[in-house]
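Remember, predicted model here, so these are calculated numbers, not experimental data. Both backbone and side-chain heavy atoms feed into the values below; hydrogens, waters and symmetry mates do not. In what follows, every chain begins at residue 1, and chains take the letters A, B, ... in the order their sequences are listed.
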Amino acid sequence: MIPALSVKEALASSAPRDDVRVQGWVRTRRDSKAFSFIELNDGSSLRSLQVIAQDSLPNYLDVQRLVTGASVEVRGKLVPSQGKGQTWEVIADELTIVGPSDDSYPLQKKGHTPEFLREIAHLRPRSNLFGSVFRVRSRLAFAVHQFFQERGFVYVHTPIITGSDCEGAGELFRITTIDAKNPPRTGDGEIDYARDFFARSTFLTVSGQLEAEAFACALSKVYTFGPTFRAENSNTSRHANEFWMIEPEMAFCDLNGNMDVAEELVKYLIRDVRVNCPEEIELFGKFVDKGLIARLDFVLDRPFQRISYTEAVELLRANGQSFEFPVEYGTNLQSEHERWLTEKHFKCPVTVFNYPKEIKPFYMRLNDDGKTVTAMDVLVPGIGEIVGGSQREERLDGLEANMRRHGLDPADYKWYLDLRRYGTVPHAGFGLGFERMLMFVTGVPNIRDVIPFARTPGSAEF
RNA sequence: UCCUGAGUAGCUCAGUGGUAGAGCGAUCGGCUGUUAACCGAUUGGUCGUAGGUUCGAAUCCUACCUCAGGAGCCA
């Protein structure tokens, strides 16, 4: 049997072919006098392949009953199309109905709302929009690895199950094999996790950063790319409880180097998708966000705006713009403030750095002013924070002091402190939200629509 | 978790106290190298759930559920 051709390969053909085999799902079918047009899609490309099924086929009556959603295999000739709209089509010599469908198939030829498609998450990749989103997702993940591998970074698989329960990166999902109906108890009646599976409390990771630091202090430049779990009851278009995060960590690197890599990475990813997913980006520009392509190109063309937290606060206050929440030094910037900076004032991605130490986690390096730490956030229009990172505190005394100030016991972080005890080096890293990056390059406004099967509060059906 | 809004046919929606509607889809027929085809007919409903007000509720009230937008948390 001849090998099957993907729809993408068939459409890219440079010459007619006498004998081809294609497989896929029927997007739509139209009857003509003596034959039937079938649009065949196999997800290899946004476009479908037109198949001509003539009434001379022995199973033509069955072919005429084919409805959207059915799967078929076609053997025939790839020929130049007589009609407009496509260069190639397949004249079927043999059409096998692999799996029929029926009128209860929920996807129609017409457009559906993303909210409806979310309810049929198992079928939505068969739509143009979601097929495109997930092809881009695959390409974007590849580009992430390409970026780091080209630059000599080592990919590290940090653990999914972790015992670090106080990183300050949000609520955690507990991992346990304890019988909820009959848990072991300590003397004072509390659940005794020392008798749990790992002989201690364990959780799904909220960040691979601490482990990545250990590897950076050995392999110099590393990155992680994997799932992350936060048990936050967040109900927004840009939060999910399971998401993927990219976390580079670099030894002998300071805040400026960190900001350079973050900016380079974001631009690299945009450029890669622009070049390698042109049809998908065009679709998003047409049906999802009319300003998408102009915005992506604009971001590629100019440097990100860099501004210290202090300068940002001054700028926001000086502007006289009335905000719902007041701008005050020492508090986190509100979403409306970030939006104003990226969308109204600079109209491009903005990297804000050197935040007050009170509002940032213990591991960030204290600046010489004694008031700020080397934090940096990359904010992008429409989404807000897409990158969060810092130069890490590499001085043992300083790190221990930070821990105490945050109410943490240094004894719980012995291995992490060892990194400062033995051959400490300045190092820095950041986290890039993979889905947020995907939202940015596709223009898709809801994180639930860039994850195959999204996990959000009250929702884990699929 | 808080604030706001919305749940009516498979989908998108109209219907503000008096017989449940349209477009699309689907089905059947016609026409046609068609391509979000076209023409005609047919099909289609616990009006989110449970209470309440009223002679009468899709419509007014209460609670709950679900979804969306915004806020907080952050990636």
Side-chain angles (χ1 to χ4, degrees), chain A residues 27-40 47-54 64-65 67-69 79-86 89 91 101-120 127-128 167-171 206-209 225-247 262 287 324-325 331-336 338-339 359-361 377-380 383-389 430-440 445-451 456-459 461:
Chain A
R27 276 296 175 81
T28 174
R29 191 181 54 79
R30 297 174 288 277
D31 283 327
S32 188
K33 198 163 200 164
F35 47 86
S36 196
F37 294 104
I38 295 167
E39 261 183 53
L40 189 72
R47 286 178 297 158
S48 299
L49 179 64
Q50 178 161 288
V51 173
I52 313 290
Q54 287 164 315
Q64 281 193 301
R65 279 198 290 271
V67 294
T68 308
V79 299
S81 177
Q82 295 173 36
K84 296 183 196 119
Q86 62 279 318
E89 64 189 21
I91 312 277
S101 183
D102 62 46
D103 61 9
S104 62
Y105 186 68
L107 286 172
Q108 297 172 192
K109 214 183 316 181
K110 299 252 171 184
H112 288 294
T113 60
E115 291 80 15
F116 170 67
L117 292 167
R118 231 170 265 158
E119 295 167 13
I120 48 168
S127 69
N128 284 338
E167 288 170 28
E171 300 292 312
V206 292
S207 165
Q209 180 200 318
F225 183 12
T228 305
F229 307 87
R230 306 238 171 125
E232 303 283 351
N233 190 6
S234 299
N235 292 284
T236 81
S237 56
R238 53 191 191 285
H239 289 87
N241 297 297
E242 176 180 320
F243 62 98
W244 283 57
M245 189 156 64
I246 297 130
E247 296 182 285
F287 295 111
E324 192 188 339
F325 297 92
T331 62
N332 275 305
L333 297 178
Q334 299 285 321
S335 283
E336 57 172 339
E338 296 179 350
R339 291 184 92 97
I359 57 173
K360 289 292 177 183
D377 287 349
V378 177
L379 314 174
V380 296
I383 294 168
E385 185 175 343
I386 197 169
V387 166
F430 60 86
L432 169 70
F434 182 62
E435 283 81 10
R436 288 191 183 172
M437 189 67 217
L438 193 51
M439 290 165 74
F440 189 70
N446 196 309
I447 198 167
R448 300 173 184 99
D449 296 332
V450 297
I451 301 179
T456 52
S459 175
E461 185 187 350

Short side-chain N/O contact to B:rA75 OP1/OP2 from A:Thr228, under 4.0 Å: no

field: d(CD, A:Glu242; C1', B:rA75) in whole Å
entry: 14 Å

- line: A:Arg118 has its side chain closest, among B:rA71, B:rA68, B:rC73, to B:rA68

query: Which one, B:rG69, B:rG33, B:rA75, comes nearest to the side chain of A:Ser237?
result: B:rG69

field: P-based separation of B:rA57 from B:rG48 [nearest Å]
entry: 15 Å

message: Roughly how many Å apart are B:rG45 and B:rG10, using the C1' atom of each and rounding to a whole number?
response: 12 Å

Pair assignment for B:rA57, Watson-Crick or G-U wobble, requiring both distances under 3.5 Å: none

message: Quick check: any donor-acceptor pair below 3.5 Å linking the side-chain of A:Arg448 to the base of B:rC67?
response: no

statement: Checking B:rU12, B:rA71, B:rU32 against the side chain of A:Ser32 (C-beta onward), the nearest is B:rU32

message: So for A:Glu119 and B:rU66, does any side-chain atom that can act as donor or acceptor lie under 3.5 Å from a complementary atom in the base?
response: no

Separation of the C1' atoms in B:rG21 and B:rA58, to the nearest angstrom: 12 Å

field: With A:Glu338 via salt bridge (Lys or Arg N to Asp or Glu O under 4.0 Å) - residues at least two apart
entry: none

field: Spacing of A:Phe325 atom CZ relative to B:rC73 atom P, expressed in whole Å
entry: 9 Å

field: Nearest-Å distance for atom pair CD/P, residues A:Glu435 and B:rC74
entry: 18 Å

message: Tell me if the side-chain of A:Ser335 makes a donor-acceptor pair with the base of B:rG72, cut-off 3.5 Å, by modelled atom types.
response: no

message: Would the base of B:rC74 count as contacting A:His239 through its side chain, where contact means a donor and an acceptor less than 3.5 Å apart?
response: yes

field: Complementary nucleotide of B:rA63, counting Watson-Crick and G-U pairs under 3.5 Å
entry: B:rU49

query: Counting only side-chain N and O atoms of A:Asn446, is one of them less than 4.0 Å from OP1 or OP2 of B:rG69?
result: yes

- request: With C1' as the reference atom in both, quote the distance from B:rU19 to B:rU34 in angstrom, rounded to an integer.
  value: 43 Å

message: Just N and O in the side chain of A:Arg30: are any of them under 4.0 Å from OP1 or OP2 of B:rA37?
response: yes

- prompt: Do A:Glu115 and B:rG69 have a side chain to base donor-acceptor pair shorter than 3.5 Å?
  reply: no

message: Should the side chain of A:Ser234 and the base of B:rC74 be counted as holding a donor-acceptor pair, with the cut-off at 3.5 Å?
response: no

- line: Here the salt bridge (charged side-chain N to carboxylate O under 4.0 Å, His left out) pairs for residues 234-243 of chain A, sequence neighbours left out, are none

query: Which of the following nucleotides, B:rC11, B:rA75, B:rC74, is nearest to the side chain of A:His112?
result: B:rC11

task: Identify which nucleotide among B:rG72, B:rG33, B:rC67 has an atom closest to any side-chain atom of A:Arg238, counting heavy atoms from C-beta outward.
output: B:rG72

message: Checking contacts here: which listed nucleotide (B:rA75, B:rU34, B:rA68) is nearest the side-chain heavy atoms of A:Gln50?
response: B:rU34

Listed nucleotide nearest any side-chain atom of A:Asn233, set B:rG33, B:rA75, B:rU1: B:rU1

Under 3.5 Å, which protein N or O atoms sit close to an N or O of nucleotides 25-27 of chain B? Give each pair with its distance.
| unit_1 | atom_1 | unit_2 | atom_2 | d |
| --- | --- | --- | --- | --- |
| B:rA26 | O2' | A:Asp103 | OD2 | 3.2 |

- prompt: With a 3.5 Å cut-off and just heavy-atom distances, do the side chain of A:Asp31 and the base of B:rU34 make a donor-acceptor pair?
  reply: no

message: Give me the distance, rounded to whole Å, that separates B:rU32 from B:rA14 when you measure between the C1' atoms they each carry.
response: 34 Å

message: I want to verify a distance call: between B:rC73, B:rU12, B:rU1, whose nearest atom is closest to the A:Thr113 side chain?
response: B:rU12

